[in-house]
Amino acid sequence: MRALARVSTERPERYAKQLASHLGRKCEVRESPEGPIVLLAGGQCLLASRGDVLELCAEAPEEDVLERVKDVVGRHLERFGAKDGLVVAWDR
């Protein structure tokens, strides 16, 4: 299962690095050519900078795991980007 969120920001790479660094304290983060991949229990999320958009691509084998990945990544990004008004809206 997959979910995608596209978050508009002037600093997508900065937010991707900040999020990967923070989450990397509690879980594994791997680098890929597209951006950091955060590995959470049973799922993962790619953090890809594309122009003025930070693209979040969450994947998990089950719906409840996917929801947890979306919650963790989305909640942290919104907290880090509160001063810039970042909002994460997931599509399926």
Side-chain angles (χ1 to χ4, degrees):
M1 306 188 89
R2 294 176 58 148
L4 180 69
R6 296 176 50 83
V7 181
S8 294
T9 174
E10 294 177 2
R11 299 182 293 265
E13 192 170 312
R14 178 179 154 250
Y15 281 115
K17 286 180 182 178
Q18 181 181 15
L19 191 56
S21 176
H22 178 77
L23 294 175
R25 295 179 190 147
K26 301 245 180 194
C27 61
E28 183 179 354
V29 175
R30 294 184 184 158
E31 290 299 322
S32 78
E34 293 184 80
I37 300 172
V38 178
L39 303 173
L40 299 161
Q44 66 182 29
C45 188
L46 169 66
L47 313 174
S49 300
R50 305 197 192 289
D52 61 351
V53 170
L54 176 56
E55 191 173 275
L56 311 173
C57 183
E59 295 182 359
E62 300 171 0
E63 182 72 30
D64 61 328
V65 177
L66 180 63
E67 290 302 315
R68 188 171 59 243
V69 171
K70 289 167 40 179
D71 177 60
V72 168
V73 174
R75 188 169 25 93
H76 280 87
L77 181 58
E78 286 180 348
R79 188 173 68 210
F80 295 149
K83 67 178 181 168
D84 292 331
L86 298 190
V87 175
V88 178
W90 294 94
D91 294 328
R92 292 298 300 272

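- Listed by first then second residue, pairs satisfying salt bridge (charged side-chain N to carboxylate O under 4.0 Å, His left out) with a partner in residues 37-46 number zero, not counting sequence neighbours.
- Residues Val73 and Leu47 form a side-chain contact, since some pair of their non-hydrogen atoms from C-beta on lies under 4.5 Å apart.
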Practice item. In sequence, state the C-alpha distance, the side-chain angles, and the governing distance for Leu86 and Leu54, and then conclude on side-chain contact (heavy atoms from CB on, under 4.5 Å). Key: CA-CA 10 Å; Leu86 298 190; Leu54 176 56; over 6 Å; no
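- Scanning for side chain to side chain contact (heavy atoms under 4.5 Å, CB included) contacts around Val87 gives Glu78, with sequence neighbours left out.
- The line from CZ of Arg6 to CG of Asp91 is 9.5 Å long, rounded to the nearest 0.5 Å.
- Sorted by first and then second residue, the pairs that involve residues 40-50 and meet salt bridge (charged side-chain N to carboxylate O under 4.0 Å, His left out), not counting sequence neighbours, are Glu34-Arg50, Arg50-Glu55.
- In this view, Arg79 satisfies the side-chain hydrogen bond (donor to acceptor under 3.5 Å, both in side chains) rule with no residue, not counting sequence neighbours.
- Here Gln44 pairs with Ile37, Leu39, Glu59 under the side chain to side chain contact (heavy atoms under 4.5 Å, CB included) rule; sequence neighbours left out.
- When all heavy atoms of Gly35 and Leu46 are compared, the closest pair comes out as O-CD1, 3.6 Å.
- In terms of the side chain to side chain contact (heavy atoms under 4.5 Å, CB included) criterion, residue partners of Lys83 (sequence neighbours excluded) are, by chain and number, Arg11, Arg14.
- Annotation: side-chain hydrogen bond (donor to acceptor under 3.5 Å, both in side chains) contacts of Glu28 (sequence neighbours excluded): Arg30.
- Between Pro61 and Gly42, the closest heavy-atom pair is CD-O, 3.0 Å.
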From CA spacing to verdict: side-chain contact (heavy atoms from CB on, under 4.5 Å), Tyr15, Val7 = CA-CA 10 Å; Tyr15 281 115; Val7 181; over 6 Å; no
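- Between the side chain of Arg68 and the backbone N or O of Leu40 there is no donor-acceptor pair closer than 3.5 Å.
- The stretch residues 24-50 participates, sequence neighbours left out, in no ring-ring contact (aromatic ring centres under 6.0 Å, His included) pair at all.
- Each ring-ring contact (aromatic ring centres under 6.0 Å, His included) pair with one or both residues in residues 30-83, not counting sequence neighbours, appears once here: His22-His76, His22-Phe80.
- Counting all heavy atoms, side chain and backbone alike, Ala60 lies closest to Val65 at CB-CG1, 3.6 Å.
- Counting heavy atoms from C-beta on, the side chains of Val53 and Pro12 never come closer than 4.5 Å.
- In this view, Glu13 and Lys17 satisfy the side-chain hydrogen bond (donor to acceptor under 3.5 Å, both in side chains) rule, not counting sequence neighbours.
- Cys45 and Trp90 make their closest contact through SG-CH2, 4.2 Å (heavy atoms, listed as atom of the first residue, atom of the second, distance).
- Residues meeting the side chain to side chain contact (heavy atoms under 4.5 Å, CB included) test with Val29, sequence neighbours left out: Ala20, Pro36, Val38.
- Listed by first and then second residue, the ring-ring contact (aromatic ring centres under 6.0 Å, His included) pairs involving residues 31-64 amount to none (not counting sequence neighbours).
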